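One structure is given here, and the rest of the page talks about it.
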Amino acid sequence: MFKILGAKIDNVDMVEALLRLQPFIGKGEARQTVTLNAEMLYRAQKNGELLRIINGADLVTADGVGIVWAARVLGAPLKGRVTGIDLMKELCRQAAGNNWKVFLLGGEPGVAEQAAQKLKRELAGLGVAGTYHGFFSGEEWGEERVLAQIGAARPQILFVGMGSPMQEYWISENKARLACDIVLGVGGSFDVISGRVMRAPVLWQKLRLEWLWRAVVQPRRIPRLFILPLFVWKVLLHKWRKEAELRKKNGGRLF
């Protein structure tokens with residue numbers, strides 16, 4: 001584990017991430033996992049509460065290529081990305097093989113249910129304890145109803161797809177009341193899994209252009225792209241300042 005711009009990140013690949021999460025099953029305490037991307041990390045620079053949530057999580061993985069790039073630039077290369085949607089799918093595979101139950105919370109009405117049905121068709125034996133949409137705050141006693149349903153279902157794994165950082169705030173605020181072992185924020189993964197939104201083709205993923213594909217298929221995301229150059233500048237500025245401090249300390253030498 002090390003820090004990038006004040007936020008901790010665990011240097012794990014998918015296998016290691018799963019191994020880190022497995023011991024939480026059956027403990028009866030909700031453990032939060034954050035899949036960190038450049039946008040979230042940039043926002044955390046000006047939002048102490050969001051930074052606190054990231055650093056308080058039990059596991060923080062590199063979701064976006066921006067985090068992988070930043071780690072390399074700052075001299076701490078990562079083993080790779082562990083995205084929210086990929087981690088969700090792998091956890092569902094493990095759940096199917098170990099009789100664990102999962103609960104999907106988030107998305108527009110019907111989306112979580114569609115995603116759950118798709119996962120059950122793909123993974124024989126997957127136990128879906130329940131689903132609920134992400135617009136419950138507009139319902140009378142909505143949040144209490146959701147917490148009660150999760151409590152009655154008692155899933156081992158809870159996936160929360162409310163978009164970042166809203167989902168991270170909600171998980172952090174309600175963690176003590178969540179009757180599950182692992183809770184993971186998965187952004188718009190339900191839309192992709194259900195088939196409502198197409199994930200970037202494999203070639204785009206290999207070229208690390210998944211962020212651009214999302215903007216193409218979801219134009220409302222375009223304004224968020226302007227955060228990326230600001231994030232790049234923030235990382236480079238941090239690197240230059242650190243190097244300047246080292247030169248000053250070492251009499252003009254970087255090493």
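Please read these numbers as outputs of a predicted model, since none were measured by experiment.
- With hydrogens and angles disregarded, no donor-acceptor distance shorter than 3.5 Å links the side chain of D86 to the backbone of V82.
- Looking at heavy atoms from C-beta onward, R81 lies out of side-chain contact with I67 at the 4.5 angstrom threshold.
- Using a cutoff of 4.0 Å between basic side-chain nitrogens and carboxylate oxygens, E122 and K89 are not scored as salt-bridged.
- Interatomic distance, CE of M40 versus CG of L51, reported as 11.5 Å (0.5 Å rounding).
- Nearest heavy atom pair, residue A112 against residue G106, reads CB-O, 3.6 Å.
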Give the C-alpha distance, both sets of side-chain angles, the deciding distance and a yes or no for side-chain contact (heavy atoms from CB on, under 4.5 Å) between D181 and E29. CA-CA 5 Å; D181 299 317; E29 180 184 355; over 6 Å; no
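- Interatomic distance, CD of Q32 versus CG of L59, reported as 10.5 Å (0.5 Å rounding).
- No side-chain heavy atom of I150 sits under 4.5 Å from any side-chain heavy atom of Y132.
- No side-chain donor-acceptor contact under 3.5 Å links K234 to the backbone of Y42.
- Going from atom CZ of F136 over to atom CD of Q149 covers 11.0 Å, rounded to the nearest 0.5 Å.
- Looking at heavy atoms from C-beta onward, E108 lies out of side-chain contact with H133 at the 4.5 angstrom threshold.
- Salt bridge R177/E144: present, at least one basic N to carboxylate O contact under 4.0 Å.
- Here the closest non-hydrogen pair linking C92 and L126 is O-CD1, 3.6 Å.
- E39 and R43 are joined by a salt bridge, as a carboxylate oxygen and a charged side-chain nitrogen come within less than 4.0 angstrom of each other.
- Scanning for side-chain hydrogen bond (donor to acceptor under 3.5 Å, both in side chains) contacts around Q167 gives an empty result, with sequence neighbours left out.
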Steps toward side-chain hydrogen bond (donor to acceptor under 3.5 Å, both in side chains) verdict (E243, H238): CA-CA 9 Å; E243 290 179 351; H238 180 77; over 6 Å; no
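- Closest non-hydrogen pair, V186 versus F190, comes out as CG2-CE2, 3.7 Å.
- No side-chain heavy atom of I157 sits less than 4.5 Å from a side-chain heavy atom of V183.
- The one candidate from N47, V60, I9 that meets the side chain to side chain contact (heavy atoms under 4.5 Å, CB included) condition with I54 is V60.
- Rounded to the nearest 0.5 Å, atoms CD1 (I4) and CZ (F2) are 5.0 Å apart.
- Ion pair R31/D58 flagged as a salt bridge, since at least one NZ, NE, NH1 or NH2 atom sits closer than 4.0 Å to an Asp/Glu carboxylate oxygen.
- Smallest separation of non-hydrogen atoms from G151 and A179: CA-CB, 3.7 Å.
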Checking S164 against E168 for the side-chain hydrogen bond (donor to acceptor under 3.5 Å, both in side chains) test, could you report, in this order, the C-alpha distance in whole Å, the side-chain angles of both residues, the deciding distance, and whether it holds? CA-CA 6 Å; S164 180; E168 279 72 36; 3.0 Å; yes
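- Heavy-atom minimum distance, A62 versus L78: CB-CD1, 3.6 Å.
- When atom types are taken as modelled, the side chain of N98 and the backbone of R93 share no donor-acceptor pair closer than 3.5 angstrom.
- The backbone N or O of D191 sits less than 3.5 Å from a side-chain atom of S194, completing a donor-acceptor pair.
- By the rule that hydrophobic residues join a cluster once side-chain heavy atoms approach within less than 4.5 Å of another member, L237 and I227 end up as members of one cluster.
- Just one residue in the list L105, V111, L104 forms a side chain to side chain contact (heavy atoms under 4.5 Å, CB included) with T131, and that residue is L104.
- Remark: side-chain polar atoms of K8 are not paired, donor with acceptor, to backbone N or O of G56 under 3.5 angstrom.
- One finds the CG atom of L236 at 8.5 Å from the NZ atom of K239 (value rounded to the nearest 0.5 Å).
- Contact check for L230 versus W233: no side-chain heavy atoms found under the 4.5 Å cut-off.
- A donor-acceptor pair is defined here as one N or O able to donate and one able to accept, closer than 3.5 Å; such a pair exists between the side chain of Q45 and the backbone of L5.
- With hydrogens and angles disregarded, a donor-acceptor distance shorter than 3.5 Å links the side chain of N11 to the backbone of K79.
- Judged by distance alone, with hydrogens and angles left aside, the side-chain atoms of Q94 form no donor-acceptor pair with the main-chain N or O of E90 at under 3.5 Å.
- Inter-residue side-chain proximity for I182 and L158 is flagged as unmet; no heavy-atom pair is nearer than 4.5 Å.
- Judged by distance alone, the side chain of D63 and the main-chain N or O of N37 form no donor-acceptor pair under 3.5 Å.
- Heavy atoms only, all atoms of each residue included: A44 and L50 are closest at N-CD2, 3.9 Å.
- In this structure, the side chain of Q156 engages the main chain of K101 through a donor-acceptor pair within 3.5 Å.
- Between L87 and T33 the shortest side-chain heavy-atom distance falls below 4.5 Å.
- With contacts defined as side-chain heavy-atom distances shorter than 4.5 Å, the pair C180/F103 does not qualify.
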